[in-house]
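One structure below.
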Amino acid sequence: MSPVTTTRISTPAGLPGLIEALAATTPKSRLLAGGTDLVRAMTQDHWTPDLIIDLSGIPELHGVQTGAGCLRIGATTTFSEIATDEVVWRHARCLAEAADVVGAVQTRNIATIGGNVGNASPCGDSIPALLALDATAVIVDAIGETSERRVGQIVTGPGTTSLRHDQAIVEFAIPTPPDGSRSTYAKLGSRTMVSVARIGMALVVRLEPADRTILEARVGIGALGETAFRAADLERLLTGRRADEATRDAFIAACPRVAQNAIPGRYSLPYKQEAIRGVAADAWAKLDLDE
């Protein structure tokens, strides 16, 4: 008979308690926020952590704030809260739109932005948006030290991150966009309502008001390869061009090569090359750049 494995539960009520709990972690320990991925792993994969730290009772990890040129979103803020927050819509529209299409309503009500990044799913909707917004994560460790890391430096592969087992994401910091900035998120999913992204694209641009030149462009792409990424070739193509029909067409036409570079030789490549064109067209249309 195999030995019975038990899981200890820690329920810190504040940041000091979280730091103390992190000191007791091992590589088999897990953080619990919404639990949408953790519970599935435990039930379907019959996997048992030695310690679960429940983050739901830590007020410092929750909510949306602005100040000092930054939008700050706590790690345990749910996607429903992000999708309905006027401040997020005003300063980080692509993230609000991404949050609004995460799974079903029930999922959005409990799934958190910190969990989405920490679980590092290639299909995580928030990750391309955070990449395009140039977001950083504030991280705390078991000795109480905090550090900041770009989201692209955290997600290293499918289900893997650069975080140590004794580290936790506290919040995300998004620079307040300058005047003339717009952003949006578009995705192609497997179903119409409860949709896991097959391709997701976050598009952020900053326009010169006088002649509508694109002064800066950032493109985050998810569900195309092992991790979400910034599409540098598309960003270079857009930057310095007028926001007109010719630029739109060039942008869409360049997308299949991005897919080719991301998943060369993959059986799904022909489908993805065509699909990313449609997602790019949707994203451009949602920005109303031709107006």
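Hydrophobic clustering of Ile, Leu, Val, Met, Phe, Trp and Tyr side chains at less than 4.5 Å, counting indirect connections, unites Val151 with Phe79. Cluster membership for Leu269 and Tyr271, using ILVMFWY side-chain heavy atoms within less than 4.5 angstrom, is shared. Ile73 and Val138 fall into different hydrophobic clusters, defined by Ile, Leu, Val, Met, Phe, Trp and Tyr side-chain heavy atoms under 4.5 Å apart, directly or through other members. Clustering ILVMFWY residues whenever any of their side-chain heavy atoms sit less than 4.5 angstrom apart, transitively, puts Ile52 in a cluster other than the one holding Leu18. In the hydrophobic cluster analysis, where Ile, Leu, Val, Met, Phe, Trp and Tyr join through side-chain heavy atoms closer than 4.5 angstrom, Val204 is grouped apart from Trp89.
When all heavy atoms of Thr7 and Pro49 are compared, the pair lying nearest together is OG1-O, 2.6 Å. Of all the heavy atoms in Ala13 and Pro59, the pair that sits closest is O-CD, 3.5 Å. The nearest pair of heavy atoms linking Val102 to Arg108 is O-CG, 2.7 Å. The two residues Ala202 and Pro128 come nearest to each other via the heavy atoms CB-O, 3.5 Å. Of all non-hydrogen atoms in Tyr185 and Gly200, the two that sit nearest each other are OH-CA, 3.5 Å. Between Ser80 and Val105, the shortest heavy-atom distance links the atoms OG-O, 4.2 Å.
One finds no salt bridge joining Glu86 and Arg90 here, because no Lys/Arg side-chain nitrogen approaches an Asp/Glu carboxylate oxygen to under 4.0 Å. Ionic pairing of Arg218 and Asp134 is not present here: no N-O contact between side-chain nitrogen and carboxylate oxygen is shorter than 4.0 angstrom.
You'll find the side chain of Phe172 stays beyond 4.5 Å of the side chain of Leu95, heavy atoms only. You'll find the side chain of Val219 stays beyond 4.5 Å of the side chain of Val258, heavy atoms only. Here the side chains of Arg198 and Ser268 are not in contact, with every heavy-atom distance at 4.5 Å or above. Taking 4.5 Å as the limit, some side-chain heavy atom of Arg277 sits within range of a side-chain heavy atom of Pro256. Using a 4.5 Å heavy-atom threshold, the side chains of Val117 and Ser126 count as touching. Side chains of Ile110 and Thr78 form no contact here, defined as non-hydrogen atoms less than 4.5 Å apart. Using a 4.5 Å cut-off on side-chain heavy atoms (C-beta onward), Thr184 and Glu97 make contact.
The distance from atom CG of Asp282 to atom CG of Leu287, rounded to the nearest 0.5 Å, is 11.5 Å. Atom-to-atom distance recorded for Thr76:OG1 and Leu55:CG is 7.0 Å, nearest 0.5 angstrom. Summarising the geometry, atom CG belonging to Leu207 is positioned 8.5 Å from atom OG1 belonging to Thr213; distances are rounded to the nearest 0.5 Å. Remark: Ile113 CD1 to Ile82 CD1 distance equals 4.0 Å, nearest 0.5 Å. Expressed to the nearest 0.5 Å, how far CG of Leu133 lies from OG of Ser183 amounts to 5.5 Å. Summarising the geometry, atom CD1 belonging to Ile19 is positioned 9.5 Å from atom CD1 belonging to Ile143; distances are rounded to the nearest 0.5 Å.
For Lys187 (side chain) and Val101 (main-chain N/O), a donor-acceptor pair under 3.5 Å exists by modelled atom type.
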With a cut-off of 3.5 Å and sequence neighbours excluded, list every side-chain donor-acceptor pair involving residues 160-170.
residue: Thr160; atom: OG1; partner: Thr156; partner atom: OG1; Å: 3.2
residue: Thr160; atom: OG1; partner: Gly157; partner atom: N; Å: 3.1
residue: Thr160; atom: OG1; partner: Gly157; partner atom: O; Å: 3.4
residue: Thr161; atom: OG1; partner: Leu163; partner atom: N; Å: 3.2
residue: Ser162; atom: OG; partner: Arg149; partner atom: NH1; Å: 2.8
residue: Ser162; atom: OG; partner: Gln153; partner atom: O; Å: 2.9
residue: Arg164; atom: NE; partner: Asp166; partner atom: OD1; Å: 2.9
residue: Arg164; atom: NH2; partner: Asp166; partner atom: OD1; Å: 3.4
residue: His165; atom: ND1; partner: Thr25; partner atom: OG1; Å: 3.0
residue: Gln167; atom: OE1; partner: Arg164; partner atom: N; Å: 2.9

Listed pairs under 3.5 Å, donor-acceptor, residues 220-232 side chains, sequence neighbours left out:
residue: Arg230; atom: NE; partner: Glu235; partner atom: OE2; Å: 2.5
residue: Arg230; atom: NH1; partner: Leu131; partner atom: O; Å: 3.3
residue: Arg230; atom: NH2; partner: Glu235; partner atom: OE1; Å: 3.4
residue: Arg230; atom: NH2; partner: Glu235; partner atom: OE2; Å: 3.4

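Side chain to side chain, Ser121 and Asn119 fail the donor-acceptor criterion of an N or O pair below 3.5 Å.
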> Taking it one step at a time, do Trp284 and Thr247 satisfy side chain to side chain contact (heavy atoms under 4.5 Å, CB included)?
Replying inline: CA-CA 10 Å; Trp284 185 277; Thr247 297; 3.8 Å; yes
> Does the pair Arg212 and Asp244 meet the rule for a side chain to side chain contact (heavy atoms under 4.5 Å, CB included), with working shown?
Replying inline: CA-CA 8 Å; Arg212 302 187 58 73; Asp244 55 20; over 6 Å; no
> Under the side chain to side chain contact (heavy atoms under 4.5 Å, CB included) criterion, do Ile276 and Leu188 qualify, and how do the steps go?
Replying inline: CA-CA 8 Å; Ile276 194 174; Leu188 174 71; over 6 Å; no
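Remark: Glu148 engages no residue in a salt bridge (Lys or Arg N to Asp or Glu O under 4.0 Å) (not counting sequence neighbours).
Checked options Arg206, Arg241, Arg236; the residue passing with Glu216 is Arg206 (criterion: salt bridge (charged side-chain N to carboxylate O under 4.0 Å, His left out)).
Within the structure, side-chain hydrogen bond (donor to acceptor under 3.5 Å, both in side chains) pairs that include any residue of residues 255-267 do not occur (at least two apart or interchain). For residues 171-180, the pairs satisfying side-chain hydrogen bond (donor to acceptor under 3.5 Å, both in side chains) are Arg72-Glu171, with sequence neighbours left out. The list of side-chain hydrogen bond (donor to acceptor under 3.5 Å, both in side chains) pairs with a residue in residues 52-62, not counting sequence neighbours, reads Asp54-Ser56, His62-Glu81.
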